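Residue numbering restarts at 1 for every chain, and letters A, B, ... go by the order of the sequence lines. Not measured: the values here are computed from a predicted model.
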Amino acid sequence: MTTTKGSPLFDPSFVEQVQQFSLRVAQAGKGGRLAEQKTSARGQGLEFADFKPYVAGDDLRAIDWNIYRRLGRVFVRVFEEQQDLPVYILLDLSASMFLEHPARINAAKQVALALGAIALNQHDAVTLLPFAERLQMQHKSLSGKHQLLRLAQLINETTQQDKTSLAEVLSEFAGFPLRQGLVVVISDFFDNQGIAPVVDALGQLRHRLLMVQLTQPWDSDPTLQSDISGDVRLQDCETAQYADMQITPELLANYQTAYQAFNQALTQLAEGRGAGLLRLNASQAVLPQLTTLFGHGGLRL
Amino acid sequence: MSFSNLPLSVVLVGALVIALALFALQWLRPRTKVVKVATAQFWQQAAQQAPARVLWQKFHYWLALLLSLAIALLLWLTLSGVQRQHDNDAHLSLFFLDNSVAMQVDGRLSEAKKRLLQDVANSQPEQRQVWLGDAVAMMLLREQDNNALLGPKLVAVKATAHRAVFSSWLAAMQQQYRNRQIDLYYYGAPLNASELAAVPQQIHLHARYAAPALTQNMAIVALGQAPAQSGLWGKVDVMFTLYASDARPLSANLVKFSLDGQWFQPTDIRALGNGRFVIRDMDVSSAPQQLQVSLANDDDFVADDSATLTLASTPVIKLQLATDLPAWLRTLVQLDSGIRIVQQQPDVVICQQADSQCPQAPAQLLLNAAANSALFSTAGESWQAALQQQWQRNGWLALAAQQQFPELMLQASDTPERQVQLNNAQLSQLLAAQSAALPSLISQSLRWLANKQQFTPYLAVAEPWPYTENTQNAALAATPLLAGSQQNEAGQQATASLLVANLSANMTETSPLEQETFAGAVTPLSMLSWGILLAVLLLLVEWALLQRGRLP
């Protein structure tokens, strides 16, 4: 498994390091298998939650005999049940992710694998959902540490698609009757319809949300690209449409204003709904940036 | 400035320079970099915020500017060129189409007309005239006439048997347009050196079509008649001359003869040398006959391959004699086959001057005793020179100077009746001397009195109608004759044939003037049309470049 430049995309040390991290949500949805995520479900567990009157069929071992002795009535102890967390990884495969050098997709795949490895390590269910113009539902969710290799294979098999319709993909995903969990959107969030429809679609998700925004240094400062100067004909990598520009300071200022507004919209969305937002520089190593995100070992959403 | 005023070489060099400049501009043209980006949406937002047009910024697309300039300047120069063309009034273009007999050779006239149509189509109607070199030069197109009128007019133009009138027409043009610069475009028979030398300096001659020389030509260049040398009454000798451009031997076998349309072979043809031949003792006793002499084999130029001559007639003079005339005179006139003695309605009467019983007649020959001369009298004076020449040819004037013949006296009378007075004594003296001149004097006097022509007028082609005192309309005198036989309103007949030795000889000579290409100005209309067409083409190029994304 290599990057487009030939360097290894995944290596054992990378996986080993990311497995030290943990991913927790405030409360996972009920209905899953027993695992490590907190849920509102009551059942088997270690942490005491409450008492309830005994009914036929309750576990006799849970009867609190001290209460029966004092009150003469039979109560049983109930515990918080910890279940697994459904993690839905939406990986952007549009042309913009494959364009530059290094391509954003390399970092995106590493992030996808890292988050998947963390989730599998804590017995959560991982579903990989590549997308571009449409969402691709090609396999079932993966659970268990032994599925890490399978996840890596799935990630590696992904190939470039055409243009992005991020807003439509998110709307489509929001309509699926899935157990509430964590949605990880790994993308550059570039959509020719603008960021507003994307923000609206993200707001409709019933899941916890983690946005991983792949960036390049020249996104915010186009002058870092030597070709962007004088009279240029810009071609959209996804639609192949041309736009003739004369690069002037005024135009650059307008560009930067537009880009800042784009970032601002994502930031406001993350703050508004308590979502996670990781801006990842695709030209730099992924692991150090993930370490910053996960802080002292865990990320709680 | 107008492109139409530039010489062709300058125009071609200019076109080459323009092509090289455009080629260089293609290399120098800044080529736009194409950069594929993922952030196109932000660039579009940035561009939308920029103003659509900004003053005082540099031109970004020089090719677009150059194309626009080329289109605009082309239209401007085209229109301004048209205007300048209108201003150039001092210049005149004359087109002359020769349809003389030399153009009867197959293909000459059609080729000349074709060239003329092409050239006139490219000329400016405001400053050109088109002339036809007919027997009398006539204008086909005046200034301002539409060029399209020329074609239908030329359809009816044929090459007819008349001599070229180019020289006389040229002199008239020089006289008429002496203050204008003239470009003369010529389409016709080759001009010889003398005709070229006569072209004035103000006229620039351009031989657009000079007929090519023939490889060989044979012609009948002379045909005439004279009273038979044998002296037989009612007989004439006919002379004709042959010409060949090559060195072939000339013989009578090369020609054939017809009389009033019937082929015949004369019995007595003699060669006189240098291509001259004589037919002796042609019988002209019957009514006037037409003799045609033709080459046995036609050549490329058929106009000089035949000639027609109306042979002399022998009119009979009705003569009435008075009773008291000398017997020798009666005997003498009875011997003349052309005279018939009548008793009434005579043409001429002979009387003694003192005879009071002299019969009435239109003309009188009077014998008198007083005058020592031969007195001829009638109205007018035009007849006098001819009569004097006749006496001169007869040698009678010399005899008169030696006192051996009556002195010629000419008198213009008030009446048209003709009268001759001869002295009895002098006639008796001639009779006594048995002079041969006596019957001739009597015979010729009687024929002068009868005023009946023996020979019909015979002319070379394009010579004017002969002036005679009987010509009623003087304007006819200047009218050149076409080949053939014609009769005027007065009933006079004249015969014309080609018989122009120089013209026949010139048919095989090459013109010293080389043919030129037409350098006439482009018409304003055609210049405007071409300019607009070119501008439209440039617009199409610009549109195509826009479609292909080569222009913004």
Given that the side chain runs from C-beta out, which part of A:Ser229 has a heavy atom under 4.5 Å from chain B: side chain, backbone, both or neither?
->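 Both the backbone and the side chain of A:Ser229 come within 4.5 Å of chain B.
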So which part of A:Leu251 gets closer than 4.5 Å to some heavy atom of chain B, the side chain, the backbone, both or neither?
->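 When you check distances to chain B, atoms from both the backbone and side chain of A:Leu251 fall under 4.5 Å.
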What is the ring orientation for A:His207 with A:Phe173, classed by angle as parallel under 30°, tilted 30 to 60°, or perpendicular over 60°?
->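 Correct class here is tilted.
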Could you please spell out the steps behind the ring pair (Phe, Tyr, Trp, His ring centres under 6.0 Å) verdict for B:Tyr185 and B:Phe96?
-> CA-CA 6 Å; B:Tyr185 299 96; B:Phe96 183 87; over 10 Å; no
For chain B, which of A:Cys237, A:Ser94, A:Ala95 has the most heavy-atom pairs under 4.5 Å?
->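 It is A:Cys237.
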Please determine if A:Glu168 and A:Arg134 form a salt bridge, counting it only when a charged side-chain N lies under 4.0 Å from a carboxylate O.
->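 Counted as a salt bridge, because a side-chain N and a carboxylate O are separated by less than 4.0 Å.
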Do the charged groups of A:Asp244 and A:Arg233 touch, with an N to O distance under 4.0 Å?
->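 Answer for the salt bridge query: yes.
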